[in-house]
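See below for the structure under consideration.
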Amino acid sequence: MSDTLLKTAAANAPINDTRKAELLSKQVKHIDITSFDARPIVDAMADMSFTSRDLGRATRIYNEMLADKDCTVCLVIAGSTSAGGCMDLYAELIRNNMVDVVVATGATIVDMDFFEGLGHKHYQALEIPDDDTLRSLYIDRIYDTYIDEEDLQNVDHTIFEIAESLEPKAYSSRAFIREMGKYLVEHGKKENSLVKLAYEHDVPIFCPAFVDSSAGFGLVKHQVDAAKEGRPYLMIDAVADFRELTDIKIAAGTTGLLMIGGGVPKNFIQDTVVCAEILGHEDVAVHKYAVQITVADVRDGACSSSTLQEAASWGKVNTGIEQMVFAEAGSVMPLLASDAYHRGHWKDRAKRGWAKLFG
(Lines give C-alpha, C1' and ligand atoms only; values in the text may rest on other atoms or scores of the structure.)
Protein backbone atom coordinates (compact mmCIF):
# COMPACT_ATOMS: atom_id res chain seq x y z
CA MET A 1 0.00 0.00 0.00
CA SER A 2 1.35 3.46 -0.89
CA ASP A 3 2.29 6.05 1.77
CA THR A 4 -0.64 8.22 0.65
CA LEU A 5 -3.13 5.38 1.10
CA LEU A 6 -1.62 4.49 4.48
CA LYS A 7 -1.97 8.08 5.68
CA THR A 8 -5.54 8.27 4.39
CA ALA A 9 -6.42 5.03 6.14
CA ALA A 10 -4.86 6.26 9.37
CA ALA A 11 -6.76 9.54 9.18
CA ASN A 12 -10.07 7.72 8.70
CA ALA A 13 -9.47 5.12 11.40
CA PRO A 14 -11.21 5.43 14.78
CA ILE A 15 -9.13 7.11 17.50
CA ASN A 16 -7.37 4.69 19.85
CA ASP A 17 -8.49 6.24 23.15
CA THR A 18 -6.19 4.03 25.24
CA ARG A 19 -3.09 5.00 23.27
CA LYS A 20 -4.14 8.64 23.32
CA ALA A 21 -4.57 8.55 27.10
CA GLU A 22 -1.08 7.05 27.46
CA LEU A 23 0.49 9.90 25.49
CA LEU A 24 -1.54 12.57 27.31
CA SER A 25 -0.78 11.23 30.79
CA LYS A 26 1.59 13.87 32.23
CA GLN A 27 0.44 17.47 32.42
CA VAL A 28 2.85 20.37 32.05
CA LYS A 29 3.17 22.09 35.43
CA HIS A 30 3.57 25.85 35.24
CA ILE A 31 6.28 27.33 37.41
CA ASP A 32 5.35 29.44 40.44
CA ILE A 33 7.78 32.37 40.70
CA THR A 34 6.51 33.22 44.19
CA SER A 35 7.56 29.83 45.58
CA PHE A 36 11.32 30.43 45.37
CA ASP A 37 13.64 33.44 45.65
CA ALA A 38 15.98 33.72 42.66
CA ARG A 39 17.80 36.84 43.88
CA PRO A 40 20.90 35.04 45.20
CA ILE A 41 21.48 33.04 42.02
CA VAL A 42 20.80 36.03 39.73
CA ASP A 43 23.24 38.13 41.77
CA ALA A 44 25.84 35.38 41.47
CA MET A 45 25.25 35.00 37.73
CA ALA A 46 25.72 38.75 37.24
CA ASP A 47 29.34 38.28 38.39
CA MET A 48 29.95 35.51 35.86
CA SER A 49 30.43 35.83 32.08
CA PHE A 50 28.62 34.93 28.86
CA THR A 51 24.83 34.43 29.06
CA SER A 52 24.84 34.41 32.86
CA ARG A 53 26.15 37.97 32.99
CA ASP A 54 23.67 39.02 30.28
CA LEU A 55 20.80 37.61 32.33
CA GLY A 56 22.02 39.43 35.43
CA ARG A 57 22.06 42.75 33.58
CA ALA A 58 18.68 42.06 31.91
CA THR A 59 17.13 41.36 35.31
CA ARG A 60 18.58 44.58 36.69
CA ILE A 61 17.08 46.52 33.77
CA TYR A 62 13.66 44.96 34.35
CA ASN A 63 13.88 45.96 38.01
CA GLU A 64 14.78 49.48 36.90
CA MET A 65 11.60 49.56 34.79
CA LEU A 66 9.54 48.58 37.81
CA ALA A 67 11.27 51.10 40.07
CA ASP A 68 10.81 53.96 37.58
CA LYS A 69 7.58 55.67 38.67
CA ASP A 70 6.99 57.04 35.17
CA CYS A 71 7.61 53.81 33.25
CA THR A 72 4.89 51.78 31.53
CA VAL A 73 6.09 48.18 31.22
CA CYS A 74 5.20 46.27 28.06
CA LEU A 75 5.41 42.47 28.06
CA VAL A 76 6.01 41.14 24.54
CA ILE A 77 5.64 37.38 23.95
CA ALA A 78 6.34 35.24 20.90
CA GLY A 79 7.06 31.53 20.89
CA SER A 80 5.70 28.70 23.01
CA THR A 81 6.91 29.45 26.54
CA SER A 82 3.31 29.60 27.77
CA ALA A 83 2.68 26.02 26.68
CA GLY A 84 6.06 24.99 28.04
CA GLY A 85 5.48 26.02 31.65
CA CYS A 86 5.63 29.84 31.90
CA MET A 87 1.88 30.47 31.78
CA ASP A 88 1.45 31.11 35.52
CA LEU A 89 4.61 33.23 35.45
CA TYR A 90 3.05 35.68 32.99
CA ALA A 91 -0.22 35.65 34.93
CA GLU A 92 1.67 36.51 38.11
CA LEU A 93 3.22 39.54 36.41
CA ILE A 94 -0.28 40.81 35.63
CA ARG A 95 -1.63 40.02 39.09
CA ASN A 96 1.17 41.91 40.84
CA ASN A 97 1.18 45.03 38.65
CA MET A 98 4.53 44.16 37.06
CA VAL A 99 3.20 44.59 33.51
CA ASP A 100 0.97 47.33 32.06
CA VAL A 101 0.52 46.26 28.41
CA VAL A 102 0.83 42.90 26.65
CA VAL A 103 1.67 42.37 22.97
CA ALA A 104 1.73 38.72 21.92
CA THR A 105 1.09 36.17 19.22
CA GLY A 106 -2.38 34.77 18.78
CA ALA A 107 -1.06 31.34 19.72
CA THR A 108 0.21 32.61 23.09
CA ILE A 109 -3.08 34.28 23.95
CA VAL A 110 -5.66 31.97 22.35
CA ASP A 111 -4.19 28.51 21.78
CA MET A 112 -2.30 28.47 25.08
CA ASP A 113 -3.65 30.83 27.75
CA PHE A 114 -7.34 31.01 26.76
CA PHE A 115 -7.12 27.28 26.03
CA GLU A 116 -6.14 26.53 29.64
CA GLY A 117 -8.56 29.16 30.91
CA LEU A 118 -11.34 26.96 29.52
CA GLY A 119 -10.02 24.04 31.56
CA HIS A 120 -7.81 22.28 29.01
CA LYS A 121 -4.19 21.24 29.60
CA HIS A 122 -0.81 20.93 27.92
CA TYR A 123 1.10 17.66 28.29
CA GLN A 124 4.72 16.60 28.38
CA ALA A 125 5.69 14.37 25.48
CA LEU A 126 7.29 11.46 27.32
CA GLU A 127 7.71 9.75 23.98
CA ILE A 128 7.35 11.05 20.44
CA PRO A 129 6.05 8.45 17.98
CA ASP A 130 5.70 9.10 14.27
CA ASP A 131 3.89 12.42 13.79
CA ASP A 132 1.40 10.76 11.46
CA THR A 133 0.50 8.55 14.43
CA LEU A 134 -0.05 11.66 16.53
CA ARG A 135 -2.28 13.03 13.80
CA SER A 136 -4.36 9.84 13.79
CA LEU A 137 -4.86 10.32 17.54
CA TYR A 138 -5.73 14.03 17.20
CA ILE A 139 -2.67 15.06 19.20
CA ASP A 140 -0.84 18.25 18.17
CA ARG A 141 2.86 18.61 19.00
CA ILE A 142 4.93 21.66 19.97
CA TYR A 143 8.47 20.22 20.16
CA ASP A 144 8.16 18.07 23.33
CA THR A 145 4.70 19.30 24.37
CA TYR A 146 1.33 17.84 23.39
CA ILE A 147 -2.10 19.43 22.91
CA ASP A 148 -5.33 17.51 22.46
CA GLU A 149 -6.68 18.68 19.09
CA GLU A 150 -10.24 17.96 20.20
CA ASP A 151 -9.76 20.38 23.11
CA LEU A 152 -8.27 22.94 20.74
CA GLN A 153 -11.35 22.67 18.54
CA ASN A 154 -13.39 23.57 21.62
CA VAL A 155 -11.44 26.84 21.68
CA ASP A 156 -12.30 27.44 18.01
CA HIS A 157 -16.00 26.99 18.76
CA THR A 158 -15.85 29.13 21.90
CA ILE A 159 -14.35 31.99 19.90
CA PHE A 160 -17.19 31.48 17.40
CA GLU A 161 -19.74 31.70 20.22
CA ILE A 162 -18.20 34.91 21.56
CA ALA A 163 -18.23 36.44 18.08
CA GLU A 164 -21.87 35.46 17.59
CA SER A 165 -22.80 37.20 20.84
CA LEU A 166 -21.22 40.56 19.96
CA GLU A 167 -22.45 43.51 17.96
CA PRO A 168 -21.34 43.01 14.33
CA LYS A 169 -18.76 45.77 13.85
CA ALA A 170 -15.00 46.26 13.65
CA TYR A 171 -12.98 45.32 16.76
CA SER A 172 -9.31 45.73 17.48
CA SER A 173 -7.72 42.53 18.76
CA ARG A 174 -7.52 44.30 22.14
CA ALA A 175 -11.28 44.86 22.20
CA PHE A 176 -12.05 41.25 21.22
CA ILE A 177 -9.55 39.78 23.71
CA ARG A 178 -11.19 41.87 26.41
CA GLU A 179 -14.44 40.07 25.58
CA MET A 180 -12.56 36.79 25.90
CA GLY A 181 -11.43 37.85 29.37
CA LYS A 182 -14.98 38.73 30.29
CA TYR A 183 -16.07 35.28 29.07
CA LEU A 184 -13.49 33.61 31.34
CA VAL A 185 -14.69 35.60 34.35
CA GLU A 186 -18.13 34.11 33.79
CA HIS A 187 -17.27 30.65 32.42
CA GLY A 188 -13.56 30.04 32.97
CA LYS A 189 -12.08 27.16 34.96
CA LYS A 190 -8.68 28.60 35.89
CA GLU A 191 -7.81 31.57 38.08
CA ASN A 192 -4.28 31.97 36.73
CA SER A 193 -5.22 33.02 33.20
CA LEU A 194 -3.39 35.99 31.72
CA VAL A 195 -6.44 36.82 29.56
CA LYS A 196 -8.76 36.76 32.56
CA LEU A 197 -6.45 38.68 34.88
CA ALA A 198 -5.73 41.29 32.21
CA TYR A 199 -9.48 41.91 31.90
CA GLU A 200 -9.83 42.25 35.67
CA HIS A 201 -6.81 44.58 36.01
CA ASP A 202 -7.46 46.73 32.90
CA VAL A 203 -4.27 45.58 31.20
CA PRO A 204 -4.77 45.71 27.41
CA ILE A 205 -3.60 42.77 25.30
CA PHE A 206 -2.76 43.23 21.62
CA CYS A 207 -2.27 40.45 19.07
CA PRO A 208 -1.16 42.03 15.78
CA ALA A 209 -1.59 38.68 13.96
CA PHE A 210 -4.66 37.65 15.94
CA VAL A 211 -6.31 35.40 13.37
CA ASP A 212 -3.12 33.34 13.02
CA SER A 213 -4.46 31.15 15.85
CA SER A 214 -7.60 29.33 16.95
CA ALA A 215 -9.27 32.73 16.94
CA GLY A 216 -8.95 32.68 13.15
CA PHE A 217 -10.93 29.46 12.76
CA GLY A 218 -13.73 30.66 15.01
CA LEU A 219 -13.95 34.06 13.36
CA VAL A 220 -13.92 32.61 9.84
CA LYS A 221 -16.82 30.33 10.78
CA HIS A 222 -18.65 33.33 12.26
CA GLN A 223 -18.23 35.34 9.05
CA VAL A 224 -19.10 32.45 6.71
CA ASP A 225 -22.23 31.50 8.66
CA ALA A 226 -23.36 35.12 8.88
CA ALA A 227 -22.79 35.69 5.16
CA LYS A 228 -24.81 32.58 4.29
CA GLU A 229 -27.67 33.87 6.42
CA GLY A 230 -27.43 37.38 5.01
CA ARG A 231 -26.61 39.05 8.32
CA PRO A 232 -23.73 41.38 9.23
CA TYR A 233 -20.64 40.05 10.96
CA LEU A 234 -17.79 41.41 13.05
CA MET A 235 -14.24 41.81 11.82
CA ILE A 236 -10.81 42.42 13.36
CA ASP A 237 -9.39 45.85 12.59
CA ALA A 238 -5.58 45.53 12.47
CA VAL A 239 -5.16 49.26 11.86
CA ALA A 240 -7.06 49.98 15.08
CA ASP A 241 -4.55 47.74 16.89
CA PHE A 242 -1.67 49.90 15.70
CA ARG A 243 -3.51 53.15 16.46
CA GLU A 244 -4.54 52.07 19.96
CA LEU A 245 -1.09 50.83 20.90
CA THR A 246 0.41 54.07 19.59
CA ASP A 247 -2.14 56.01 21.66
CA ILE A 248 -0.81 54.22 24.75
CA LYS A 249 2.79 55.06 23.82
CA ILE A 250 1.89 58.74 23.36
CA ALA A 251 0.03 58.87 26.68
CA ALA A 252 2.59 56.82 28.60
CA GLY A 253 5.74 58.69 27.67
CA THR A 254 8.40 56.57 29.36
CA THR A 255 8.20 52.91 28.37
CA GLY A 256 10.15 49.70 28.92
CA LEU A 257 10.02 46.48 26.90
CA LEU A 258 10.39 42.95 28.28
CA MET A 259 10.44 40.82 25.14
CA ILE A 260 10.38 37.04 24.93
CA GLY A 261 11.14 35.90 21.40
CA GLY A 262 10.67 38.35 18.55
CA GLY A 263 8.70 38.34 15.33
CA VAL A 264 5.63 40.48 14.75
CA PRO A 265 4.95 41.39 18.42
CA LYS A 266 8.50 42.74 18.82
CA ASN A 267 8.33 44.89 15.71
CA PHE A 268 4.77 46.02 16.47
CA ILE A 269 5.56 47.49 19.89
CA GLN A 270 8.79 49.10 18.67
CA ASP A 271 7.03 50.75 15.71
CA THR A 272 4.78 52.79 18.00
CA VAL A 273 7.57 55.35 18.39
CA VAL A 274 7.79 55.88 14.63
CA CYS A 275 4.00 55.95 14.29
CA ALA A 276 3.73 58.60 17.00
CA GLU A 277 6.22 60.76 15.10
CA ILE A 278 4.22 60.37 11.89
CA LEU A 279 1.12 61.54 13.78
CA GLY A 280 2.98 64.71 14.74
CA HIS A 281 4.14 63.72 18.24
CA GLU A 282 7.82 64.34 17.64
CA ASP A 283 8.38 64.72 21.37
CA VAL A 284 7.57 61.06 22.04
CA ALA A 285 10.70 59.37 23.35
CA VAL A 286 12.13 56.08 22.16
CA HIS A 287 11.54 53.10 24.46
CA LYS A 288 13.80 53.90 27.41
CA TYR A 289 14.41 50.34 28.58
CA ALA A 290 14.52 47.13 26.56
CA VAL A 291 15.29 43.48 27.26
CA GLN A 292 14.97 40.68 24.72
CA ILE A 293 15.38 36.97 25.36
CA THR A 294 15.78 34.95 22.17
CA VAL A 295 17.58 32.00 20.58
CA ALA A 296 17.34 33.47 17.07
CA ASP A 297 20.57 33.82 15.10
CA VAL A 298 21.57 37.41 14.33
CA ARG A 299 23.15 36.35 11.03
CA ASP A 300 19.90 35.69 9.16
CA GLY A 301 18.69 39.30 9.11
CA ALA A 302 15.31 38.40 10.62
CA CYS A 303 13.25 40.56 12.96
CA SER A 304 13.38 37.99 15.76
CA SER A 305 17.17 38.09 15.92
CA SER A 306 17.78 41.76 15.16
CA THR A 307 19.58 43.31 18.12
CA LEU A 308 18.23 46.14 20.21
CA GLN A 309 21.24 48.17 19.11
CA GLU A 310 19.99 47.73 15.53
CA ALA A 311 16.54 48.97 16.59
CA ALA A 312 18.19 52.20 17.73
CA SER A 313 19.08 52.95 14.11
CA TRP A 314 15.35 53.05 13.39
CA GLY A 315 14.72 55.46 16.25
CA LYS A 316 12.86 52.91 18.37
CA VAL A 317 15.00 51.98 21.38
CA ASN A 318 17.47 53.72 23.68
CA THR A 319 20.91 52.14 23.30
CA GLY A 320 21.90 52.99 26.86
CA ILE A 321 19.60 50.70 28.82
CA GLU A 322 19.12 47.54 26.76
CA GLN A 323 20.19 43.92 26.95
CA MET A 324 19.97 40.95 24.61
CA VAL A 325 19.95 37.52 26.28
CA PHE A 326 20.58 34.66 23.89
CA ALA A 327 18.91 31.81 25.75
CA GLU A 328 15.82 29.61 25.61
CA ALA A 329 13.34 31.81 27.49
CA GLY A 330 11.78 29.00 29.52
CA SER A 331 15.15 28.40 31.18
CA VAL A 332 15.83 32.02 32.22
CA MET A 333 12.47 33.81 32.56
CA PRO A 334 11.66 32.04 35.87
CA LEU A 335 14.88 33.45 37.32
CA LEU A 336 14.31 36.98 36.01
CA ALA A 337 10.66 37.08 37.08
CA SER A 338 11.26 35.54 40.53
CA ASP A 339 14.08 38.00 41.19
CA ALA A 340 11.85 40.95 40.28
CA TYR A 341 8.94 39.60 42.28
CA HIS A 342 11.02 39.21 45.44
CA ARG A 343 12.80 42.57 45.10
CA GLY A 344 9.30 44.04 45.32
CA HIS A 345 9.52 47.26 43.31
CA TRP A 346 6.03 46.42 42.03
CA LYS A 347 4.59 47.10 45.48
CA ASP A 348 5.11 50.84 45.06
CA ARG A 349 3.96 51.11 41.43
CA ALA A 350 0.83 53.00 40.46
CA LYS A 351 -1.63 50.98 38.38
CA ARG A 352 -1.84 52.33 34.83
CA GLY A 353 -5.12 50.72 33.75
CA TRP A 354 -4.43 51.52 30.11
CA ALA A 355 -7.48 49.55 28.96
CA LYS A 356 -9.61 52.37 30.38
CA LEU A 357 -8.16 54.65 27.70
CA PHE A 358 -10.57 53.03 25.25
CA GLY A 359 -13.73 53.16 27.34
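- Every residue two or more places apart in sequence or in another chain was checked for a side chain to side chain donor-acceptor pair (under 3.5 Å) with S25, and none qualifies.
- Legend: residues meeting side chain to side chain donor-acceptor pair (under 3.5 Å) with D148, ordered by chain and number and at least two apart, are K20.
- With no hydrogens or angles considered, a side-chain donor-acceptor pair links Y289 and D68 at under 3.5 Å.
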task = Take N97 and R352 through the side-chain hydrogen bond (donor to acceptor under 3.5 Å, both in side chains) test and state the conclusion after the steps.
result = CA-CA 9 Å; N97 194 33; R352 268 63 179 180; 5.9 Å; no
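- M48 has its side chain out of reach of R53: every pair of non-hydrogen atoms, C-beta onward, lies at least 4.5 Å apart.
- In this structure, the side chain of D339 does not engage the main chain of L335 through any donor-acceptor pair within 3.5 Å.
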task = I would like to know whether L194 and I205 meet side-chain contact (heavy atoms from CB on, under 4.5 Å); could you show each step before the answer?
result = CA-CA 9 Å; L194 183 149; I205 300 176; 3.3 Å; yes
message = Determine whether Q153 and E149 satisfy the following criterion, side-chain contact (heavy atoms from CB on, under 4.5 Å), listing intermediate values before the conclusion.
response = CA-CA 6 Å; Q153 288 180 8; E149 170 63 24; 3.2 Å; yes
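- Between the side chains of H222 and E164, at least one donor N or O lies within less than 3.5 Å of an accepting N or O.
- Among residues two or more places apart in sequence or in another chain, the side chain to side chain donor-acceptor pair (under 3.5 Å) test is passed with Q124 by none.
- There is a side-chain donor-acceptor pair under 3.5 Å between T108 and T105.
- Under the rule for a side chain to side chain contact (heavy atoms under 4.5 Å, CB included), the partners of A226 that lie at least two apart in sequence or sit in another chain are R231, Y233.
- Taking hydrophobic clusters as Ile, Leu, Val, Met, Phe, Trp and Tyr residues chained together by side-chain heavy-atom distances below 4.5 Å, L75 shares a cluster with I321.
- Applying the 4.5 Å side-chain rule to ILVMFWY residues, one finds that V295 remains a lone member of its cluster.
- Looking at D202, its side chain never comes within 3.5 Å of a backbone N or O of A355 through a donor-acceptor pair.
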Only distances under 3.5 Å count here; give the side-chain donor-acceptor pairs of residues 77-87 to other protein atoms, sequence neighbours excluded, each with its distance to 0.1 Å.
residue, atom, partner, partner atom, Å
T81, OG1, Y90, OH, 2.8

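- The side chain to side chain contact (heavy atoms under 4.5 Å, CB included) test applied to E167 returns K169, Y171, not counting sequence neighbours.
- Side chain of Q292 to main chain of G261: a donor-acceptor pair is present (N/O by atom type, distance under 3.5 Å, no hydrogens or angles).
- A ring-centre distance under 6.0 Å is found for F210 and F176.
- In this structure, R135 is positioned above the aromatic face of Y138, its NZ or CZ under 6.0 Å from the six-membered ring centre and within 45° of the axis.
- Each salt bridge (charged side-chain N to carboxylate O under 4.0 Å, His left out) pair with one or both residues in residues 188-201, not counting sequence neighbours, appears once here: D88-K190, E116-K190, E191-K196, K196-E200.
- With hydrogens and angles disregarded, a donor-acceptor distance shorter than 3.5 Å links the side chain of S338 to the backbone of A38.
- Contact record, V195 with I177: CG1-O, 4.0 Å, taken as the closest heavy-atom pair.
- D247 pairs by the side chain to side chain donor-acceptor pair (under 3.5 Å) definition with nothing, not counting sequence neighbours.
- Environment of CG in D212: sparse, with no more than 12 heavy atoms of neighbouring residues, nucleotides or ligands closer than 6.0 Å.
- When side chains are defined from C-beta on, V101 does not count as touching V203, because their heavy atoms never get closer than 4.5 Å.
- A heavy-atom distance below 4.5 Å is found between the side chains of I248 and P204.
- Judged purely by distance below 3.5 Å, without hydrogens or angles, the side chains of S193 and D113 pair a donor atom with an acceptor atom.
- For F358, the CZ atom counts as densely surrounded, since its 6.0 Å shell holds more than 12 non-hydrogen atoms of other residues, nucleotides or ligands.
- Under the rule for a side chain to side chain contact (heavy atoms under 4.5 Å, CB included), the partners of A252 that lie at least two apart in sequence or sit in another chain are T72, T255, W354.
- Other residues sharing a hydrophobic cluster with V185 under the 4.5 Å side-chain heavy-atom criterion for ILVMFWY residues are Y199.
- Checked by atom type, the side-chain pair N96/E92 shows a donor-acceptor distance below 3.5 Å.
- The backbone N or O of A170 lies less than 3.5 Å from no partner atom in the side chain of D237, so there is not a single donor-acceptor pair.
- Taking the six-membered ring wherever Trp is involved, the centroid distance between the rings of F36 and H342 does not fall below 6.0 Å.
- Among all heavy-atom pairs drawn from I109 and C207, the shortest one is CG1-SG, 3.4 Å.
- With sequence neighbours left out, the side chain to side chain contact (heavy atoms under 4.5 Å, CB included) criterion links V224 to V220, K228.
- The shortest distance between side-chain heavy atoms of K221 and D156 does not fall below 4.5 Å.
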